[in-house]
Amino acid sequence: MYIELRKLSVNERLEALVKAGIISQEQACVLGKDGPLSLEAASHMIENVVGTHSLPFALATNFVINGKDYMVPMAVEEPSVVAGACNAAKLSLPNGFVASADESIMIGQIQLVKLPDCTAAVAKILAVKQLLIERANACDPVLLKFGGGCRGVECREIDSPRGKMLVVHLLVDVRDAMGANAVNSMAESIAPELERITGGQARLRILSNLADKRLVRAKTVWTKQALEESTKGAMKGEEVVEAVLDAGAFAQADSYRAATHNKGIMNGVDAVVVATGNDWRAIEAGAHAFAARTGKYLPLTKYRKTAEGDLEGEIQLPVAVGLVGGATKTHPTAQIAVKILGVKTAQELAQVIASVGLAQNFAALRALATEGINRGHLKLHAHNLAIAAGAGGAKAEAIAAQMATEGKVSAARAKELLERT
Ligand code: MEV
């Protein structure tokens with residue numbers, strides 16, 4: 001189902017969503033109100049609450065992922081992010097994105113120090129691996145009921161500035177949770193046992209945000225025809241393909257560029273993570289650690305030219321998000337976001353997030369490699385000013401277009417043009 005949201009007012013958009021059966025009338029009221037998160041609910045989420053802080057909440061359209069249509073909720077303050085995602089997704093149609101996600105395996109780390117013999121400790125731990133798994137599982141029967149649980153134990157000897165340490169990794173399938181609570185509890189519960197077996201001392205017992213066993217991949221092809229049309233004929237499709245390939249190669253070769261390239265990806269990723277009530281700091285930490293996994297900070301996306309001369313883009317990154325627990329359940333907008341998105345599992349949510357990250361990156365590279373980023377920003381800014389001046393629909397578009405052409409983009413000019421129409 002496709003709803004053209006761009007040209008409607010906020011209230012009309014909410015009405016359209018209710019009419020399409022995507023949200024209920026009550027949910028439309030929650031969204032339409034200033035500040036859906038009550039002070040009461042907020043004060044149960046964190047400490048010392050004195051208010052709430054809101055962000056614009058928008059829906060990105062045109063996303064088809066693994067053959068399914070999605071309206072993607074995004075919470076973000078930066079102009080052009082949502083428009084860029086919608087546009088990149090539109091250019092990928094009719095095929096859209098193909099995405100896949102690993103099982104929801106998180107890593108819990110237990111740091112062991114003061115070991116009499118590190119190598120012997122590894123052998124002792126691995127000899128009782130099954131017992132440790134059972135012990136870890138005993139502390140989360142609910143996770144077990146949902147088919148999750150501890151799947152493995154690994155040992156890593158590391159050289160630290162304070163000498164040799166042994167780090168035990170618990171590999172835990174957390175199903176539809178982000179997993180921090182389950183993994184931390186398991187790590188804490190088996191630490192005394194590890195101390196007893198090895199004669200060492202357990203220090204940190206905490207999950208790792210480098211969730212590299214919970215990777216997600218998304219791919220799409222942008223045809224050269226679609227790319228040419230996107231420039232309104234100003235550039236040949238082949239040229240756009242080459243320009244985006246050059247931009248991708250720049251990020252591969254240069255970490256200064258890779259940081260900005262990945263920031264553009266995270267514009268989209270974080271917006272969906274925030275909208276769905278997930279922990280965006282965890283996602284950020286994981287993404288950047290993964291980008292630097294080879295010792296060099298690299299881009300999270302790759303581009304290549306297909307045999308037909310079209311542009312293929314792909315992304316791979318860890319996405320540790322959940323649909324149960326935390327703000328996903330306590331924040332009213334997050335609950336509505338998940339409902340609108342219509343995802344049933346954490347893996348499906350992760351696939352959407354990866355696809356949006358790829359779309360966002362492509363949108364930035366296409367703009368940078370063709371007209372430059374400012375023109376698009378200026379157009380959007382002009383449109384926002386026209387709306388703020390009181391214009392709506394086609395009138396707002398006409399005023400924005402005129403201001404952009406004149407190169408005079410200001411609130412005063414928008415008002416002036418509106419008064420003249
Ligand atoms: C701005 O928020 C993001 C960009 O800088 C990303 C990029 O340069 O690829 C436009």
Side-chain angles (χ1 to χ4, degrees), residues 55-60 62-63 72-92 97 218-220 222 226-227 230-231 234-235 239-275 280-281 283-288 290-292 296-305 311-317 319 353-384 404 409:
L55 281 174
F57 176 79
L59 297 177
N62 308 320
F63 275 89
V72 186
M74 299 178 85
V76 62
E77 83 299 341
E78 184 173 330
S80 303
V81 169
V82 177
C86 294
N87 195 33
K90 193 171 182 179
L91 292 175
S92 77
F97 298 82
K219 227 185 203 187
T220 193
W222 287 279
L227 294 177
S230 78
T231 70
M235 274 172 88
E239 272 180 82
V240 183
V241 172
E242 292 301 323
V244 174
L245 289 174
D246 284 340
F250 182 8
Q252 286 287 337
D254 179 30
S255 299
Y256 285 94
R257 174 57 208 157
T260 322
H261 178 107
N262 287 345
K263 190 274 181 183
I265 294 172
M266 301 315 282
N267 276 345
V269 167
D270 285 343
V272 187
V273 172
V274 172
W280 75 92
R281 289 86 54 210
I283 297 296
E284 282 282 336
H288 298 297
F290 185 68
K296 178 178 176 190
Y297 187 87
L298 291 169
L300 295 164
T301 54
K302 276 192 186 144
Y303 291 88
R304 69 172 198 95
K305 190 157 48 172
L311 179 72
E312 183 181 82
E314 68 175 285
I315 187 168
Q316 178 171 243
L317 78 169
V319 181
I353 290 171
S355 304
V356 174
L358 175 60
Q360 205 71 59
N361 177 236
F362 163 79
L365 298 192
R366 194 201 67 87
L368 288 166
T370 58
E371 60 186 21
I373 211 82
N374 271 337
R375 193 153 153 241
H377 278 205
L378 200 74
K379 270 199 270 180
L380 262 179
H381 181 53
H383 194 252
N384 291 343
V409 179

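Counting starts at 1 for both ligands and their atoms, following the listed order. Because the structure is predicted, anything quoted here is derived from the model rather than measured.
- Taking 4.0 Å as the cut-off between side-chain N and carboxylate O, E314 and K302 do not count as a salt-bridged pair.
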As a quick check of understanding, evaluate side chain to side chain contact (heavy atoms under 4.5 Å, CB included) for V319 and I283, giving each step before the final call. CA-CA 6 Å; V319 181; I283 297 296; 4.3 Å; yes
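- The aromatic rings of Y297 and H288 sit parallel, their planes meeting at an angle under 30°, below the 60° perpendicular limit.
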Tabulate distances under 3.5 Å between N/O atoms of ligand 1 and N/O atoms of the protein, writing both atom names on each line.
from	atom 1	to	atom 2	distance (Å)
ligand 1	2 (O)	E78	OE1	3.4
ligand 1	2 (O)	E78	OE2	2.6
ligand 1	2 (O)	K263	NZ	2.7
ligand 1	2 (O)	N267	ND2	2.9
ligand 1	8 (O)	R257	NH1	2.9
ligand 1	8 (O)	R257	NH2	3.3
ligand 1	9 (O)	R257	NH2	2.7

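- With hydrogens and angles ignored, the 3.5 Å screen pairs no side-chain donor or acceptor of Q360 with any backbone N or O of G84.
- Taking the six-membered ring for Trp and thresholds of 30 and 60 degrees, Y303 and H261 have ring planes more than 60 degrees apart, a perpendicular arrangement.
- Of the possible polar contacts, one joining the W222 side chain to the A88 backbone as a donor-acceptor pair under 3.5 Å is found.
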